[in-house]
Amino acid sequence: LFEKWWTVQLDGMTVNGKTVVNITDLAIVDSGTSFIMGPESDVSALAMMLGAQTIQSLYFVNCATEIPPVSFNLGGKNFILERDDIVFEEYGDLCLLGLQAINMQPPLWILGDLFMRKYYVQFDYGNSRMGFA
């Protein structure tokens with residue numbers, strides 16, 4: 001737990017079972033962030049594995065394309081996001097992914113509302129811990 005954020009160790013990330021390499025291993029869970037955000041190099045690697053194209057700093061895929069599952073390994077447990085979890089909005093043939101690059105220090109991932117819609121997160125302020133279900 002940083003002073004401002006609820007942090008969790010990100011033990012790894014996979015796309016359709018294939019490891020996303022060189023991933024920053026720190027993540028925060030934040031209900032004030034809509035997307036899943038991360039360091040530019042990490043997000044670019046993930047977007048490439050999803051077949052996404054960048055348009056004005058946003059990541060899109062053709063909606064007809066199969067989007068493979070993305071798995072975040074937190075505390076030894078995999079939390080999987082499927083196509084309907086990771087697509088934020090559809091614009092005709094283009095699907096906007098709820099994924100965005102950020103540059104923060106220290107480098108970290110932000111698991112925002114997109115993640116929290118699928119997984120219940122309990123913030124236990126009294127014991128400085130959080131749980132996932």
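When reading the values below, keep in mind they use all heavy atoms of this one structure, side chains included, and skip hydrogens, waters and symmetry mates.
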Original post:
When hydrophobic residues are tied together by side-chain contacts of less than 4.5 Å, even through go-betweens, does Ile110 share a cluster with Tyr120?
Top reply: no
Original post:
Would a hydrophobic clustering, with Ile, Leu, Val, Met, Phe, Trp and Tyr connected at side-chain separations under 4.5 Å, put Tyr125 with Ile28?
Top reply: yes
Original post:
Phe123: what forms a ring pair (Phe, Tyr, Trp, His ring centres under 6.0 Å) with it, not counting sequence neighbours?
Top reply: Trp6
Test of understanding: with side chain to side chain donor-acceptor pair (under 3.5 Å), list the residues that count as partners of [X], not counting sequence neighbours.
X: Asn73; result: Asn78
X: Ser41; result: none
X: Asp84; result: none
X: Gln53; result: none

Subject >> Value rounded to 0.5 Å, distance of CD in Glu82 from OG in Ser71 >> reply: 9.5 Å
Original post:
If you measure from CG on Leu74 to CZ on Phe115, what distance do you get to the nearest 0.5 Å?
Top reply: 5.0 Å
Subject >> Minimum heavy-atom distance Gly38-Val43, with the two atoms named >> reply: O-CG2, 3.3 Å
Original post:
For residues 9-32, which residue pairs qualify under ring pair (Phe, Tyr, Trp, His ring centres under 6.0 Å), counting only residues two or more places apart or in two chains?
Top reply: none
Original post:
Can you pull the ring pair (Phe, Tyr, Trp, His ring centres under 6.0 Å) pairs that have at least one residue in residues 13-62, sequence neighbours excluded?
Top reply: Phe35-Phe88
Output side-chain donor-acceptor pairs under 3.5 Å for residues 10-19, partner residues at least two apart or in another chain, one line each.
unit_1, atom_1, unit_2, atom_2, d
Asp11, OD2, Gly75, N, 3.2
Asp11, OD2, Gly76, N, 3.2

Is there side-chain contact between [X] and [Y], with at least one heavy-atom pair below 4.5 Å?
X: Ile55; Y: Leu94; result: yes
X: Pro68; Y: Leu50; result: yes
X: Val70; Y: Ile80; result: no
X: Leu26; Y: Gln9; result: no

Original post:
Tell me, which pairs form a salt bridge (Lys or Arg N to Asp or Glu O under 4.0 Å) where one or both residues lie in residues 89-98, sequence neighbours left out?
Top reply: Arg83-Glu90
Subject >> Sequence neighbours excluded, every pair satisfying salt bridge (Lys or Arg N to Asp or Glu O under 4.0 Å) that has a member inside residues 106-126 >> reply: Asp85-Lys118, Asp124-Arg129
Which pairs of donor and acceptor atoms, one on a side chain in residues 99-109, lie under 3.5 Å apart (sequence neighbours left out)?
unit_1, atom_1, unit_2, atom_2, d
Trp109, NE1, Asp42, OD2, 3.2

**OP:** Before giving the answer on side chain to side chain contact (heavy atoms under 4.5 Å, CB included), spell out for Val87 and Leu96 the whole-Å C-alpha distance, their side-chain angles and the decisive distance to 0.1 Å.
**Re:** CA-CA 6 Å; Val87 170; Leu96 171 63; over 6 Å; no
**OP:** Classify the angle between the aromatic ring planes of Phe79 and Phe132 as parallel (below 30°), tilted (30 to 60°) or perpendicular (above 60°).
**Re:** tilted
Subject >> Where at least one partner belongs to residues 15-70, residue pairs that pass disulfide bond (SG atoms under 2.5 Å apart), sequence neighbours excluded >> reply: Cys63-Cys95
Original post:
When you look at Ile36 and Leu46, which way does the side chain to side chain contact (heavy atoms under 4.5 Å, CB included) test go after all the steps?
Top reply: CA-CA 11 Å; Ile36 292 174; Leu46 174 58; 5.8 Å; no
Subject >> Criterion side chain to side chain contact (heavy atoms under 4.5 Å, CB included) on Phe72 and Leu81, from CA distance to verdict >> reply: CA-CA 8 Å; Phe72 294 85; Leu81 298 179; 3.8 Å; yes
**OP:** Determine, step by step, whether Leu111 and Thr33 satisfy the side chain to side chain contact (heavy atoms under 4.5 Å, CB included) criterion, reporting the C-alpha distance in whole Å, the side-chain angles of both residues, the deciding distance to 0.1 Å, and the verdict.
**Re:** CA-CA 8 Å; Leu111 305 178; Thr33 302; over 6 Å; no
**OP:** Please check if the side chain of Ser44 supplies one atom and the backbone of Glu40 the other of a donor-acceptor pair under 3.5 Å.
**Re:** yes
